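Chain letters run A, B, ... following the sequence lines, proteins first, then strands; residues in each count from 1. Source: prediction; values computed, not measured.
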Amino acid sequence: MKLKWALLAMIFTVAAVLSGCEPLLVLDPKGPQAKVQADDIMLSIWIMSGIVIAVFAILVFVLVKYRASKQSADYEPPHIEGNMLVEAICIGVPIIIVIFLSVMSVKSNYEVEATPKGYEGQEPVVIYASSSNWKWHFSYPEEGIETVNYVNIPAGRPLEFKLYSYGPITSFWIPQLGGQKYAMADMVTTLHLAADEPGELMGRNANFSGAGFAENTFDVQAMSQTDFDKWVKEVHDTAKPITEEKFNELLQPGHLGRSTYTGTHLEFSPAPEHNHGSADSDKDSEEGEHHHESSDSEKETDHSHH
Amino acid sequence: MKELFPIKQVMGFAFSLILTAVALLVYFLDMSFTAGITILLVTAFIQAGLQLVVFMHAGETEDKGAIYSNVYFGILVALVTIFGTLLIFVWDM
Amino acid sequence: MKIDHSLPLEYSTEENRLKIFGFWIFLGAEIMLFATLFTSYFVYEHRTGNGPSGAEIFEITPVLMETILLLASSFTIGLGIHAMRLGKQKAMMTFFSVTLVLGLGFLGFEIFEFVTYIHEGAGLSTSGFTSMLLTTLGTHGLHVTFGFFWGLSIILQVKKRGLTPETANKSFIFSLYWHFLDVVWIFIFSFIYLKGMM
Amino acid sequence: MDFFDRFAVPHPSFLIYASMVAIGLTVIAVLVGITYFKKWDYLWREWLTTVDHKRIGIMYLISALLMLFRGGVDAIMLRAQLAIPDNKLLESQHYNEVFSTHGVVMILFMAMPFIMFFFNFVVPLQIGARDVAFPRLNAISFWLFFMGAMLFNISFVIGGSPDAGWTSYFPLAGNDFSTSVGSNYYMIAIQIAGIGTLMTGINFITTIFKMRAPGMKLMQMPMFTWSALISNLIIVFAFPVLTVLLAMGTMDRLFDTKFFAIGDGGSDMLWANLFWVWGHPEVYILILPAFGLFSEIISTFARRNLYGYKSMVASMVVISAFSFFVWAHHFFTMGQGALANSFFSITTMAIAVPTGVKIFNWLFTLWKGKIEFTTPMLYAMHFLPLFTLGGVTGVMLAMSAADYQYHNTMFLVAHFHNVIIPGVVYAMLGGLTYYWPKMFGFMLNERIGKWTVWLMSIGFVLAFIPMYITGLDGQARRMYTYSEATGFGPLNMVAFIGAGIMAISFALLVYNIYYSVRYSPRNIGNDPWNARTLEWATHTPVPEYNFAVMPQVKSTEAFWDAKKNGHEIFKGKIEKIHMPNSSGLPFIMSCIFFVFGFSMIFSIWPLAIISLLGILGCLVYRSFEKDHGHYIPVEEIEETETKLRGAK
C-alpha cells in the first residue's frame, strides 16, 4: 500500500509541476517549431501516463491479491504455459501505440526539417551561427553584420540558421523556438526556426565542448521587423568592421561578452561548403561531394591561425 | 597423387578464378556504376559462399544450424551497419 | 580424454569439437570487425582532403597478383586439410608449407604496395581516406602476418608430434582462419580496389 | 626530468593528492597484510591462477563492487556540485573528469563485470555443466578486464583522467582539445578490457550451445541462461566495432592519422556513429541478463512457472537483432535528413514492443501465484514500475522531432538512469542477494536487505525524477554549474538528497554483508529459497566439479520437477571427472598487457615493443604447451560428496 501511495503522490507531483504556474521552457513555445515539439511531448506524456498507470494498476492488483500471506498454506499455484490470445493482445496493443507514435514522429520530423508552418511564402532571414571555444558568432550575410554571443531576430519571419563549428561539436539550441542541432567543423547544418512574437529568449550550446561549456550561452532578442531594421541600421552606423585579425582574436579559447561588427567573417573565412540537413539542399549535396577537397584546404588555412 | 586433389576443391578453385576474372570486367570494360557494383556484389558474395561451403566445411557437423545462424546474423548486422551508416552519412545528408 | 574414432581426428574429442565451434563464433566477431572497417572506408572513400584519391594510387598489377596468391593459398590449405583427413602427414605438411610461401608472397606484394603509396604521398596521416585505406589493408595484412607465424608453429608441432587429435584440431582451425582471410580479401579486392578503379 | 613530468597530474587538487595518499596506503596495507598472514601462496594457488568459473565469478563480483563504490563516489561529487547554483566545490575541469570517469566506470567496469559474475557463477550450474567451454580463456578474459579496469583507475593519479565524457566524442577528445593523456587512458584501458569481454562472449556461446546437461533442449533452458546466450551473442557482434573504433581513436591520438581530424577529410561524426553502433547494443548486453535474473526471481517467489516462456525467448531474439538497428537515435540532431531520422525513430519505438511483452509476462507470472516478498523479490517488484517509467520515457525520446528538445538535456540523463538503475542495478543487487547463499553458504539478512531496497528506491525517485523536469526546463547535461536565475536550484538540491539516500542504501548493503558474515546461520541447506532450476540441486558450497553425476533434464524447471513430480535428476554412478589445470599464464599475460597499455598511453615505445613481444611470447608458449588437465578420482569425489551431504 505504501508503494501505491508513493507512486500516486509522485504522479501528482510531476503532473502539478508540468502543468504548474511557471511553465517549463520546452513546454512554453514561442515559435511554430517549438510548438510542434511541445505538442508531441505533451501528447506522448499523456499516452505514456496511460501505459504507466495500467501497468501500476495490474501490478498493485496482483501483488495485493496473490501475496502469500493471503493464500492458504496448501495453495499450490498452477502451471500455466501461456495463452495465445492474451499474448496477442500484449503484442497487439503496443504495436498499435507504436504505429500511432511512429506516424506522429515521422510527420513532425518532416515539419521541423522544413520552413515553419504558416511562414512558407516569406523570404527567410539567413543567419550563420558558428561556435568557437566557448562563444557563438552570428553572421548576417544579407544585412552585412556580425555579432558575438547575442542574436537579434525579426519576429514573424522564417529563420534559417546555418550551423558550423570552429572546434568541438556543439549544439545550437533555443528551447522556446525549437529543438537543437549540431554544429560541426566539416559541414554546415541547417535549422529552420521562427519566432511568433517579440521577446527575450535563452539560447545555449547543449553539447559538451570542454572546460567552458557551462557558460557557452547566448541571448536571443526577437523584435518586430521595424525594430530589427532599425537595429541593423544602427549597427552599420556605430560598429567597427570585423577584420581577419580581429576574428582570429575572437576565436581564441575563452569567454567574451557581447560584441557587434559590420561585415561578416564569411568573407575571409567561409563556412565549410559541404551543406547538410537542409530540406532544399538535396540537389547540391551531390555537388558537395566534389567540392570537398577545396573546402578542406580552405578550412585548413583557417585553422592554422588557432 | 590423384586422391590428394579432390574434384570438388579443384572445381571450387577454378570457379573462384573465373569469378575473379568476371569481377575484373568492371576494370577493363567501361560500364555504369550500377552495373559495375552489381557485378561486384554478385561475384563477391558467391565467392564468399564458395569458400564457406567448399573449403571451410561449414555444414559438416551437427552444429551447422548454429554455425550458419551465427554467420547469417553476422552478415545481417554487418549489412545493416554499412547501409545504415551510408544512409546517415551519404544518402540522406 | 575420450577419443571418438568414428569422427575425423580434428573432431574426435569433446574439447576439439568445442574449439572448432568456438572458432566459428570468433569468425562471426571477425565479420563484424571487418564490416566496421568497411563501413568507415565507405564514409572516407571521397574524403581525400589534400591527398590523392583511390583512383589515383591504385594499380591493378600488384592487386591482381595478391588476389591470385591468396586464392591459391586458400586452395592449397584446403588440400592440406584434405590430405590430413586421409592421414597423409607428409602431403599435408607440403600443402601447408606451400600455403605459407604463397602467404609470404602476398605480404611481399602488399609491402611493395604500401611503400609505393607512401612514396606517392599517401601516408597514414595524409587524409581521412588514406588513413582508412591503410588501416583496412593493414588490419588484413596483420591478420595474414599473424597467420603466417601461427601456421609456422603448427607445422613445427605436426612435425614434432605427428598427427594427433590435438595437432589435427589446431591445423583445422588454422585452415578456417586462413580461408576467412581469403574471404575478407575478396571483399577488399572488389569493394576497395575494383570499385575505386571502376 | 622531462621523462617524469608526463606522469604528473595536469590539474592537481587537494582531493586528488588525498586520493593518491589513500591509494598508496591501502596498497601498502594490503601487501603487508598478505605477507604478515602468509597468504601469498594461497592467493596465487587458489585465486590468481584459478580457472574455476565460480572463483572467477567471485573475482568479477569483487571488482564490480569496488567499481560501484568508485563510480558512486563520482556520482555523489557530481550531485553535490550541482546541488546549489554557482557552487564552487569542483572546478569545471574536475567536474568534467568526474562525469567522464563516472560513466565509463559504471557502464564498463561496474555493470559489465557484474553481469560477467552472473554468467560465470550461474550459467554453468544452471545448464548442468562442470565448467565453461574454455576455462583458461575465461581466466584470460577476467584478468584482461581487471587490468583494463586498473589501468583506467590509475589515470586520475598518474597523468590525468579522461575529460571528454564517457562517449569521448572527437574532436573534443582529439589532441587539439584534450592535451593530457586522459583520452589515451580511455582508448587503451577500454580496449584491453574489451578484448577480454569479447572472449567471454565466445566462451559462453560455446558453453551454452555445446555443454548443456543431457536432455536439456534449447527451449528448456532456464530464462537466465537464455538471456546470457543472447547477451553474449550481442557481445560477439558489438564489441569488434568498439575494438576498431578505439584503435582508430588511438591512432588519431598517437600516430597522427586523420580519422576524426578537423579538415584533411576527417569525419568527427564517424566516431559518434561507430560509438553508438557498439553503444546501443551494449545497453542490451546489460539489460538482457537483468531481465533473465528477474525472470528467475519472479518465478521463484511467485512460486509459479514463468508465464509465456516462448514469447519471452522470442522477444529476446528480436531484441538482439533490433539492438543493432537503432543506433542513430543517439544523434538525431546531427543534421541528417528526415528520412534517416524517421527510419531510426521507428525502429527504436519498435523495440518497445518486445520489451512490453516481457513486462506483461512478468505481471502474468505473478497472477495466480503465491507471492513471497523476500529481498530479491522486493527488488523485482520495485523494478517493474520504475523500469516501466524509464521505458516509456525511452519511447518519448525515440520520437525524433521531440528528441531535438530532449537531446543533451537532463531529461535524457534521467531516462537512462531510470532504465539502468532499476533495470540493471536492481537486478544485480537482487541477483546477488539471491545467489549469495549458493556462493557462501549463508543468507544476507532479510530485514536489512529490505531496508536497502526501500531506501534505494526512495533515493532513486528523489534523485532522478526531478531531472526529467529540469531537462524540460532547459538544463543541459554535463554543465558543471548554473546560475540562480535559471531556477534549477531547488530540484537539483532534491536530486542531491536522493543521491545521498542512495549512498546510505549502498552503505547498508555493505553493512549487511558484514552483519551476515558474523551473525547469519550457516545450516541453510542447498536450496534455501525453494527454487526451481538446476543450480540449486547441487551442494552448498558448490564442489569444484559442480555435479558429481551429470544431471538429466526433461523440462525448463528440472529441479522443481524433481521436488514436486519425482523426476530423477541424478541417475547413474559416480565416475572419475576430468577437470582443467590451473595456470599462471592468464594472469602473467594480462600483467604484460597492463605494461603494454601503460607504455602506449605514455608513448614509451621501447617498453611497448618489449611488452608486445612478451604477449606474443605467452601465446607461443601456450601453443606449444601440453596440458591435458587432470582427473579427480572416484574416491575423492565420494569423500567430498559425503562430507557435503553431512554439512547440510
Where do B:Q9 and C:F75 come nearest, in terms of heavy atoms and distance? O-CE1, 3.4 Å

Atom pair NE2 (C:H82) and NZ (B:K8), whose distance is rounded to the nearest 0.5 Å: 10.0 Å

Which of the residues C:L79, C:I81, C:I31, C:I68 is involved in the greatest number of heavy-atom pairs with chain B at under 4.5 angstrom? C:L79

Taking only heavy atoms into account, what residues of residues 147-171 of chain C are found under 4.5 Å from chain B? none

Within residues 180-196 of chain C, residues adjacent to chain B where the heavy-atom gap is under 4.5 Å: C:F180, C:D182, C:V183, C:I186, C:F187, C:F189, C:S190, C:F191, C:L194, C:K195

Aromatic rings C:H179 and B:F55: how do their planes relate, parallel, tilted or perpendicular, breaks at 30° and 60°? parallel

Quick check for you: among B:T20, B:V77, B:T43, B:L24, which has the greatest number of heavy-atom pairs under 4.5 Å with chain C? B:L24

Filtered by a 4.5 Å non-hydrogen cutoff, the part of residues 65-75 of chain B contacting chain C is B:A66, B:I67, B:N70, B:V71, B:G74, B:I75

For chain C, find which of B:V10, B:V54, B:D30, B:L19 contributes the most heavy-atom pairs closer than 4.5 angstrom. B:V10

Please determine, among B:G12, B:G84, B:A44, the option with the most heavy-atom pairs under 4.5 Å with chain C. B:A44

Is chain B contacted by the side chain of C:L64, its backbone, both, or neither, given a heavy-atom distance below 4.5 Å? side chain

Heavy atoms only: give me the nearest B:I82-C:A35 pair and the separation to one decimal. CG1-O, 4.0 Å

Please indicate whether B:M11 has more than 12 foreign heavy atoms, meaning atoms of other residues, nucleotides or ligands, lying under 6.0 Å from its CE. no

Shorter than 4.5 Å, heavy atoms on both sides: which option in C:T39, C:I25, C:V43 has the most such pairs with chain B? C:T39

Tell me, for C:L27 versus chain B, whether the close heavy atoms (under 4.5 Å) come from the side chain, the backbone, both or neither. side chain

So which of C:F172, C:W178, C:F34 has the biggest tally of heavy-atom pairs under 4.5 Å with chain B? C:F172

Atom pair CD/CZ of B:E62 and C:F21 - distance to nearest 0.5 Å: 10.0 Å

Shortest non-hydrogen separation from B:G36 to C:M198 and the atoms involved: CA-SD, 3.7 Å

Checking C:A72 against chain B: side chain, backbone, both or neither under 4.5 Å from a heavy atom? both

Side chain, backbone, both or neither of C:M32 within contact of chain B (heavy atoms, under 4.5 Å): side chain

When only heavy atoms count and the cut-off is under 4.5 Å, which of residues 87-96 of chain C reach chain B? C:K88, C:A91, C:F95

If you measure from CD on B:E60 to CD1 on C:I20, what distance do you get to the nearest 0.5 Å? 7.5 Å

If I measure from the heavy atoms of chain C, does B:F83 come under 4.5 Å with its side chain, its backbone, both, or neither? neither

Note, C:H46 side chain near B:V90 side chain (heavy atom, < 4.5 Å): no

Just give me the residue among B:I88, B:L86, B:L41, B:L50 that pairs up with chain C most often, heavy atom to heavy atom, under 4.5 Å. B:L41

As an exercise: rank C:T67, C:L86, C:I60, C:L176 by heavy-atom pairs under 4.5 Å with chain B and give me the winner. C:I60

